**Q** 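Sending over a structure as structure tokens; questions will come in a sec.
Along the sequence shown, residues are numbered consecutively beginning with 1. The basis for the numbers below is simple: all heavy atoms, side chains too, and nothing from hydrogens, waters or symmetry mates. This is a predicted model, so every value here is computed, not measured.
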Amino acid sequence: MVLQTPLYEQHLALGAEMADIDGWMLPLHFGSQIEEHNQVRKDCGMFDVSFMVAIDVTGAQAKEFLQYLLANDVSLLADDGRVQYSVMLNERAGIVSDVLVFRIDARYRLIFNAALPDQLMSWMEQHKGHFDVSFCLRSDMATLSVQGPNAINKLLDQLAKPYADQLASLSPLHSISIDGWFIARTGYTGEDGVDILLPKDDAQQLWLELMGAGIMPIGMRARDTLRLESGYSAYGLDIDAETSPLCCNMAWVIAWEPSDRDFVGREALEAKKHVRLNKLIGLVSEERGSLHNGQPIRIEGIGEGFITSTSFSPTLSKCIALAKVPIETGSRAEVEIKGKWYPVRVVPPKFVWHGKILI
């Protein structure tokens with residue numbers, strides 16, 4: 001059965017084109033994908049990201065359990081409200097999911113970007129073992145993400161005073177909890193903004209109030225081009241259960257110290273530590289013709305690779321892509337399009353950040 005977010009009826013009322021995305025019925029766009037993309041880069045817009053799975057982890061051994069479940073070190077979250085990016089690995093060191101970890105009043109909240117709730121709960125239960133820990137899937141909540149250079153200022157004008165007062169002093173990568181709302185300075189677009197986790201009954205009212213204030217709803221297609229320009233990996237395309245974080249520029253989320261901390265996938269990671277074969281790069285098309293996911297790449301004298309995710313970049317007015325290639329790859333490569341090889345420029349896998357073109 002395809003899942004619906006609490007704002008599903010709102011999307012239909014706005015005439016959004018809807019589609020099944022990884023088991024969720026979500027809005028692709030509300031009229032123009034390009035206009036929505038540019039709105040976020042230049043002003044701000046809001047996304048219904050209620051498909052993001054939030055799971056609260058509590059219990060006397062909550063920290064010890066997460067030290068075992070995740071590759072990063074949650075003990076580095078020294079203060080309440082801090083957030084940490086991490087990955088949940090399988091025993092082969094493949095990525096089961098990437099995740100944001102928040103410390104909240106002696107407990108932890110995990111927010112997964114895109115996955116089915118039952119699969120995540122099943123994985124955590126499978127690895128619970130003898131840890132004194134409990135999980136609570138927050139299916140009673142919805143999540144709105146307001147992103148863009150003017151997102152914070154516009155929210156300060158619209159939110160009720162208690163929330164606005166807290167948000168005004170909130171630093172990036174920090175969060176607050178107030179009256180059942182959870183507000184985090186995080187996002188997936190490469191712009192300033194916040195993710196707001198709030199009770200389902202409050203979500204529809206906030207959505208309408210923000211629309212009334214001129215904050216445009218944004219669909220999933222624009223979210224994908226925004227994340228690609230920003231170099232964020234998409235699960236199922238750039239990363240998956242067969243991909244090691246060492247081969248997709250995510251080695252920084254692995255905490256090797258303390259060396260005696262055992263976590264799921266550590267043994268396999270240790271074996272791969274000194275034999276990195278691939279890396280994730282950015283590509284910019286210099287020829288006419290579209291790039292597509294899975295297209296083969298060749299690098300003269302070095303080897304082959306393939307495109308993992310790609311799209312037309314509204315900011316650059318070019319096709320861009322993320323691609324998995326041999327680690328020795330330099331600045332040039334070729335991609336096969338309809339049986340012919342075309343040159344592409346290899347760049348760092350981050351194209352636009354806070355509205356600034358980086359390549």
Side-chain angles (χ1 to χ4, degrees), residues 3-21 24-52 54 111 113-114 138-168 170 175-176 178-227 314-315 354-355:
L3 301 173
Q4 298 176 357
T5 75
L7 293 166
Y8 174 77
E9 296 295 337
Q10 295 292 322
H11 304 325
L12 295 182
L14 290 171
E17 181 178 343
M18 307 292 289
D20 177 354
I21 302 177
W24 289 88
M25 189 59 70
L26 298 172
L28 295 178
H29 59 79
F30 295 86
S32 167
Q33 173 190 350
I34 300 296
E35 183 179 342
E36 292 171 12
H37 178 108
N38 292 333
Q39 177 71 16
V40 175
R41 283 277 180 255
K42 296 176 181 177
D43 185 7
C44 73
M46 62 176 171
F47 305 81
D48 173 14
V49 291
S50 302
F51 57 86
M52 295 171 66
I111 297 185
N113 184 47
R138 299 309 304 265
S139 54
D140 56 327
M141 310 286 276
T143 306
L144 303 186
S145 184
V146 184
Q147 299 284 307
N150 296 324
I152 301 299
N153 284 337
K154 288 198 172 183
L155 277 172
L156 292 178
D157 290 338
Q158 295 304 315
L159 294 179
K161 190 175 188 305
Y163 306 106
D165 287 348
Q166 294 272 1
L167 175 59
L170 190 64
S175 65
I176 51 171
I178 176 171
D179 296 334
W181 286 34
F182 180 74
I183 302 175
R185 285 283 298 273
T186 52
Y188 196 55
T189 62
E191 297 294 341
D192 201 1
V194 299
D195 294 323
I196 305 174
L197 188 68
L198 71 173
K200 284 181 177 180
D201 292 342
D202 294 345
Q204 181 173 327
Q205 182 64 32
L206 179 62
W207 177 267
L208 294 174
E209 289 176 357
L210 296 183
M211 278 189 60
I215 299 179
M216 178 186 291
I218 310 295
M220 292 299 104
R221 280 183 174 164
R223 186 174 188 265
D224 193 50
T225 52
L226 289 160
R227 77 88 195 158
T315 304
H354 286 217

**Q** Counting only heavy atoms not in Glu35, do more than 12 fall under 6.0 Å of its CD?
**A** no

**Q** Report the C-alpha separation of His37 and Ile34 in whole Å, then their side-chain angles, then the decisive distance to 0.1 Å, and conclude whether the side chain to side chain contact (heavy atoms under 4.5 Å, CB included) test is met.
**A** CA-CA 5 Å; His37 178 108; Ile34 300 296; 5.6 Å; no

**Q** With heavy-atom distances below 4.5 Å as the criterion, would you say the side chains of Phe182 and Ile111 are in contact?
**A**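 A side-chain contact exists here, since the closest heavy-atom pair is under 4.5 Å.
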
**Q** Would you give the length of the straight line joining atom CD1 of Ile196 to atom OH of Tyr163, rounded to the nearest 0.5 angstrom?
**A**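 Going from CD1 on Ile196 over to OH on Tyr163, the span is 10.0 Å.
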
**Q** State the CE-CG distance between Met211 and Leu206, to the nearest 0.5 angstrom.
**A** 12.0 Å

**Q** Taking the side chain from Gln166 and the backbone from Ile178, do they hold a donor-acceptor pair closer than 3.5 Å?
**A**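 Not a single qualifying donor-acceptor pair exists.
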
**Q** What are the two closest heavy atoms between Asn38 and Pro314, and how far apart are they?
**A**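 The answer is OD1-CB, 3.9 Å.
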
**Q** For residues Leu26 and His11, determine if any side-chain heavy atom of one lies less than 4.5 Å from a side-chain heavy atom of the other.
**A**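 They are not in side-chain contact.
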
**Q** Under 3.5 Å, which donor-acceptor pairs link side chains of residues 139-146 to any protein atom two or more places apart or in another chain?
**A**
{"residue": "Asp140", "atom": "OD1", "partner": "Arg138", "partner atom": "NE", "Å": "3.1"}
{"residue": "Asp140", "atom": "OD2", "partner": "Arg138", "partner atom": "NH2", "Å": "3.0"}
{"residue": "Ser145", "atom": "OG", "partner": "Gln147", "partner atom": "NE2", "Å": "3.2"}
{"residue": "Ser145", "atom": "OG", "partner": "Asp195", "partner atom": "OD1", "Å": "2.6"}

**Q** State, with a plain yes or no, whether a side-chain heavy atom of Ile215 is found less than 4.5 Å away from one of Cys44.
**A** yes

**Q** Within the structure provided, determine whether Thr186 and Val194 are in side-chain contact (heavy-atom separation under 4.5 Å).
**A** no

**Q** Of all the heavy-atom pairs spanning Ala54 and Leu197, show the shortest one and how long it is.
**A** CB-CD2, 4.1 Å

**Q** Give, for atom CD1 of Ile218 and atom OG1 of Thr189, the distance between the pair rounded to the nearest 0.5 Å.
**A** 10.0 Å

**Q** List the atom of Glu36, the atom of Ala222, and the distance in Å for their closest heavy-atom pair.
**A** CB-CB, 4.0 Å

**Q** Return the CE to NE2 distance between Met18 and His29, rounded to the nearest 0.5 Å.
**A** 11.5 Å

**Q** Less than 4.5 Å apart, any side-chain heavy atom of Leu159 and any of Trp181?
**A**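 Yes; the side chains approach each other to less than 4.5 Å.
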
**Q** Could you note down all residue pairs passing salt bridge (Lys or Arg N to Asp or Glu O under 4.0 Å) where residues 141-160 supplies at least one of them, sequence neighbours left out?
**A** Asp43-Lys154

**Q** Can you find a heavy atom in the side chain of Phe47 that is under 4.5 Å from one in the side chain of Leu226?
**A** yes

**Q** Over all heavy atoms of both residues, which pair between Ile183 and Leu170 is shortest? Give the atoms and the distance, please.
**A**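 Heavy atoms of Ile183 and Leu170 come nearest at O-CD2, 3.8 Å.
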
**Q** Where the side chain of Arg41 meets the backbone of Thr315, is there a donor-acceptor pair that is under 3.5 Å apart?
**A**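 Not at all, since once roles are kept as given, no pair shorter than 3.5 Å links the two residues.
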
**Q** Rounded to the nearest 0.5 Å, what separation is found between the CD atom of Glu17 and the CD atom of Gln33?
**A** 10.0 Å

**Q** Calculate, to the nearest 0.5 Å, the distance between atoms CE and CG belonging to Met216 and Leu14 respectively.
**A** 11.5 Å

**Q** Is the closest side-chain heavy-atom distance between Leu155 and Leu210 below 4.5 Å?
**A**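 Leu155 vs Leu210: side chains touch.
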
**Q** Evaluate the side-chain proximity of Pro27 to Pro217: yes if any heavy-atom separation is below 4.5 Å, no if none is.
**A** no

**Q** Determine whether Tyr8 and Met25 satisfy the following criterion, side chain to side chain contact (heavy atoms under 4.5 Å, CB included), listing intermediate values before the conclusion.
**A** CA-CA 8 Å; Tyr8 174 77; Met25 189 59 70; 3.5 Å; yes

**Q** Show the nearest heavy-atom pair for residues Asp192 and His354, with the distance to one decimal.
**A**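 Smallest heavy-atom distance, with atoms named: N-NE2, 4.1 Å.
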
**Q** On a heavy-atom basis, which atom in Tyr188 and which in Arg227 lie closest, and how many Å separate them?
**A** O-CB, 3.3 Å

